[in-house]
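Note that the structure is a prediction, hence the values are computed from the model and not measured. Numbers here are sequence positions counted from 1.
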Amino acid sequence: MEETLSRIVADLDELRPPPATSSSLLHPPPPVPESTLSDLRRLVGAGDPDLLDRFFEDLASRNLPPFSLAQCIGSAMDSGGNPRVSLLASDVYLSLLLSPNAPVLSLFAPMAFVSLLHSVRKSVRSRQAAPEEDSGSGARAPAKSKRKGGRRGSGSRNLRGVGNDGFEEGEIDERLFFAVLEKLVLVMDLIHLDRFPDSLKSLVHTVAELPTMVPDSFCNPSVHRKLTNLCSQLLRAALRPEHGDQANSAAEVLKSLSPLIMLAKSEVRTFALSFVTNCMVDAGKQCEGVKKAVVNLPKYLVQKAPEKSELRALAVESIMEIFRALEYGDRVSFVEYVVKMTEGKSSFRLLAVDLIVPIVMSLKDPLGVQANEVNDPWGLRCLQVLIKRGSDSNSAIRARSLSNLVHLVGFFANDDRSCKILKEVLGIGDGVSQKTEATINNLLKIRCLDEKAAVRKAALNLVTKLTSFYSGSFDEVLLKTMGMACSDPLVSIRKAAVSALSEAFRKFPDGIVATEWLHSVPRLISDNESSIQEECENVFLELVLEKISRVRLAGSPHNYSAPYKLHNKKKDFERQIDLLFPNGALGLLREICNGEVVPWIKKICKSLGKKNQLRPVVATALQNMIKASESLWLSQSLPIEKWTAPQGAWFLLSEVSAFLPNAIGMRNDDAEPCSVTWAGDRVFLLQTMSNISLELPPDPAADLAHNLLKRIEGFDMHPTEVNAHVKVLRTVCKQKALSAVEADALILRWVRQLLSKATQVIEKYISENTQANEEGSFFTPPRSGNRRGRRSMTTSELLPQATIAAYTVGSLVIVCPSVDLSTVIPLLHKIITSGDLHPKSKLLPAPQVSLKDVAASLYIQGWLTMGKICLIDGKIAKRYIPLFVQELEKSDSAALRNNLVVMMADFCVRYTALIDCHIAKITRCLGDPCELVRRQTFILLDYVKWRRVLFLRFLLSLVDESEKIRELADFLFGNILRVKAPLLAYNSFVEAIFVLNDCHAHGGHYSSQSAQSESRLFSIRGTDEISRSKRMRIYTCLLKQMAPEHLLATFAKICTEIVAAASDGMLSIEDATGQSVLEDAFQILACKEIHLPTSRNSTLESPEMDDESNGSGGTSPAAAKGRVISQAVRKSLIQNTIPIFIELKRLLESKNSPLIGSLMDCLRLLLKDYKNEIDEILVADKQLQRELLYDMQRHESAKARSEAAETVAVMGKSRNNHTPQASNAPSGVLHQSKSSNKLQSNSRVASALADAAAEATTRSVLREVNRGTSTPPLSSLKVPKVRSCDGATGSRGAPSNRPREVLESLRRQPFGSDDEG
């Protein structure tokens, strides 16, 4: 050791720094070599106090103070060579400070301490770089080196990269690294850093960074735990008072740990949070300064919280973990801070809304239900804040606030006292004032129709949660809104709407809720999404069929007693039947029979039956209800012929009996349908009997067939009963016949029998009617009235029978297409052509009778039967289809037109080639004056091949007078066509503008006179507000169906085919329709639906992405690429558009056109929305920029002045109306003069305000467009010059034909700060 000591002193003496001169101060002292550092480490490691004393004495004898030794070791730490040498120097320096009797005060140097911390960071960074070097050289290294590296693991590779590629040296390096940290912990007890705040700050930053810098190097959990323990000890040591003010130290520690707290879930984040919630909170109990810093940490984290949704959620978790570690008073203080945040900027409001839910759930008794005196508990304020933020201007905040309300409502739902307070806050339930009651209901009504999908979904989820809180009746408007949401284009919204309506139906099983549910949910069985179809089936099974099945015992005859005797037995029966089935089953059955609901109920029952989900108890319950109703009717001593079963019971039984035939019990009186008087019930009864006919014994089946045939032969039933009887009779024949051939022969036999009798009835009526007409036409004088009257009575009696006979013929044709119709077709031809009166002789007209006038019902049935015959015989169809089309065009009967539309739709399927040329005439019914005909046409033509003509005629349905047709149109364009023909709206958009305006003034659009007359029927021409609003409603609906790239293309097509066409003279702006087309184009280009969202709004709007997307929180490369392409297309598009607008503006100004106002409004919006893209054009030509801004200001001023003048005129008129008449003339004149002066003064004020507002608006546009950029020379620009209407350029230095007064006004106009310079 003596030699080592001498060698160390000698080496240090050689490193003696030069005398302190001005030049020497610029150069650091020489570093201690590695050999000397190793000797020093061995010397200090020996632990001999005498040797160490001699070492410091020898240094003093050679005039080497400890401070210079620290400088030399610090230089070794800062050496940029091997990081291991720096770490070794750090270890030696710390060992010297910890050695016995060491001169700590003189040996410690702030610069050396900072160099020590730098060496620690440098060694960690080298560990991070080692894996990258290995991976970079691995591709070129041999396989042996790869296998060698693969055996070790990432930790050993990192350590080996620091040393000399030796395992032992790697071990030494790891031990050396931790030795430095352990000695640094001990040194913190010896030194006081209160005089060196920068050293303390550097220490805190280094220690806070270490866990984030070495997660891969120390992949072993025990090693990483050792590192975090050492970091915790160092940070705790930094908080001691000897190192400075504890409040400042705590603030520095927390500031350094904040980035770690905001990281994603990892061990580093766990370490930071654990240190704050444990160590810092404990230290705060002894020091008020530390406590204050910890209390303010959540507020600091709020300021640093990121805006992306996933990172923001992690920030909320971290803040809440620190929040739970605070004392109650500090937590309440932070809650008040969060409430104030909801009034700040959008990022703070969004974060505050997310914080409120965990805050309310973390504290005890947030609503103050356990307190004796409640004075505005903070929990109530949080709820009120969420309700208020539900109407925030930012859609992401609206969605989050409503979603968080859902969580809080579910959190408080289990406590009765909390529920009571919650009802008062939300304004629902009993005992709530009208003012409060409108709070949440009105909010939900608006948000269920919000433009953002996430907001709509959150509102519907909130309705689902709040349903249990409602009492009394459900809000009808809110119900309608939920029903409309069932037709939303998004699948997730439709699912949420079904859930909300179903929950309301569970709570309120009858009344308006049941009605709305049945009209909204069952129709989703035809939805494109299979999961919605399954949900629809499940809720129908639960809420309808199971509810009906639960009344099977209540409907037993022995469960009720004889009723009391009342004066009105029928009312008594209705009261008793309601008491017999009290759970709303009767009302549910009544609503099921609604014509709009019946098709969906049939489809649901069929789907459930195929899946074997229908239970026999449903059929049993329905039969019990029918029997119980009949028994109760008889107990009232009422005539059985007037009894009807509960409405809807037979209908539902007929649907389920097809899959549950064994559950239907037939009685003797059931075989005779005459016992049921209501035609609808008889039809459903017959359908039920058809479904169970296979279960009937032979004799009852034969009796049933005989009775059915007799009933049909009478030709005295309702048409719906005729079809039912024929179908049942055919089913019975097929079920009971021994073979198919025998069944067909049996059916053909009775069909011929019925057809013969029907032909006789029809022929007899026609004959009687002809004779009656002839008797009154050929006798002069006419015969006596008695005989003619008797024949007229006979004819009127035969008409109903003949009508039913004609209908029966059509039913028979459908059942048996092979029957001979040679005797029937001439009669039907005579009926349908009886309206064409063409006299055979000009001298003596033939006696012809128009059945269209005297027998309208037979005339309509004749067309219907002929249509059925055409469906089974193509040759007859080829002859008669032109007659159908002709009758459809000229008929004045809405019922006949409706039947003809239905037949034409069937012809479209069966005879596509024959009917294709008549599609345009069929679609004319979309403009029919009868709502039913329009609606039937809309529904039945939905499946035809979509063409532009058909599409353009369907557009008017979007603004139809009927609300039901509008809803169907919205569903068609928003759901069906969006999938079936996604490009149809884009391809036909520009053409739709011309068609809706009935414009033929375009030079490139030629059409015939007949086409123009037809297009006028499907146009909304006019410049009034109602016509414009209808057209804009159609345009916006089409724009919502387009993809972003199609929106840009549509923008370009409108500019090219309309705006540029008007500028070039191809579109006549002198024509009224041309002006209307151009004005519509301006409004479309200015509407928000055609503009893509800009990047500046994408950050906070990103949570608004509907959950139908992939749900990934990050931005995909495809999306980023799409945005880049979109921005490039936007820039090119707008740079080509602005010159067109400028040319058109000059043309309109030269013609003094009224369209200049619409153009300026559109141009102003384009300048604001596309300010970045337009900037290059306007910067290139400052004169053009000034002209545009001057014209815009003039237009805004004129518009504001006219509005102000109208307001002043209205004020003056109201004053004149309320001014009492004066008693004498002079005083009246004086009063009139004062009023006139006042009005003139108000007009001047209004004009001045209008000028100021216009100038402010124009300046705002100028500031947006031009950020004070100087004008570059024109030679350096490649922007095309814009020519005026006279051909002169407007660039600087070129001649111009602009009016002198405009230029002079521009020179006089003070632009202030917006000048070029």
Under a 4.5 Å cut-off applied to non-hydrogen side-chain atoms, are [X] and [Y] in contact?
X	Y	answer
Gln687	Glu655	yes
Leu932	Gln936	yes
Arg711	Leu729	no
Val885	Met904	yes
Asn691	Val656	no
Ile919	Cys908	yes
Leu589	Phe651	no

What residues, two or more places apart in sequence or in another chain, satisfy side-chain contact (heavy atoms from CB on, under 4.5 Å) together with [X]?
X	answer
Cys917	none
Glu931	Arg934, Ser962, Ile965
Ser690	Val728, Thr731
Lys710	His706, Glu713

* To do: Over all heavy atoms of both residues, which pair between Leu888 and Ile922 is shortest? Give the atoms and the distance, please.
  => CD2-CA, 4.2 Å
* Structure fact -> In terms of heavy-atom contacts, Ile831 and Gly862 come closest through CG2-CA, 4.4 Å
* To do: Would you list the pairs meeting ring pair (Phe, Tyr, Trp, His ring centres under 6.0 Å) in which at least one residue belongs to residues 733-761, sequence neighbours left out?
  => none
* Structure fact -> So ring pair (Phe, Tyr, Trp, His ring centres under 6.0 Å) across residues 902-925, not counting sequence neighbours, yields Phe884-Phe907
[X] side chain to [Y] main-chain N or O, any donor-acceptor pair under 3.5 Å?
X	Y	answer
Ser635	Leu632	yes
Ser629	Met625	no
Ser657	Leu653	yes
Gln623	Ala619	yes

* Asked: Tell me the side-chain hydrogen bond (donor to acceptor under 3.5 Å, both in side chains) pairs involving residues 816-825, sequence neighbours left out?
  -> Asp820-Ser822
* Kindly state each residue pair satisfying side-chain hydrogen bond (donor to acceptor under 3.5 Å, both in side chains) with at least one member in residues 893-902, sequence neighbours excluded. => Arg897-Asp928
* Would you please name every residue forming a ring pair (Phe, Tyr, Trp, His ring centres under 6.0 Å) with His829, sequence neighbours left out? => Tyr880
Atom pairs and distances, donor-acceptor, side-chain atoms in residues 595-606, under 3.5 Å, two or more places apart:
unit_1, atom_1, unit_2, atom_2, d
Glu596, OE2, Lys964, NZ, 2.5
Trp600, NE1, Glu596, O, 3.1

For residues 801-816, run the donor-acceptor check on the side chains, cut-off 3.5 Å, and write out each pair with its distance to 0.1 Å, sequence neighbours left out.
unit_1, atom_1, unit_2, atom_2, d
Thr803, OG1, Leu799, O, 2.9
Thr803, OG1, Ser857, OG, 3.3
Tyr807, OH, Asn723, ND2, 2.6
Thr808, OG1, Ile804, O, 2.7
Ser811, OG, Asn723, OD1, 2.5
Ser811, OG, Tyr807, O, 3.4

* Asked: Rounded to the nearest 0.5 Å, how far apart are CG of Leu828 and CD1 of Ile869?
  -> 5.0 Å
* **Within residues 861-881 or reaching into it, pairs that qualify as salt bridge (Lys or Arg N to Asp or Glu O under 4.0 Å) - sequence neighbours excluded** => none
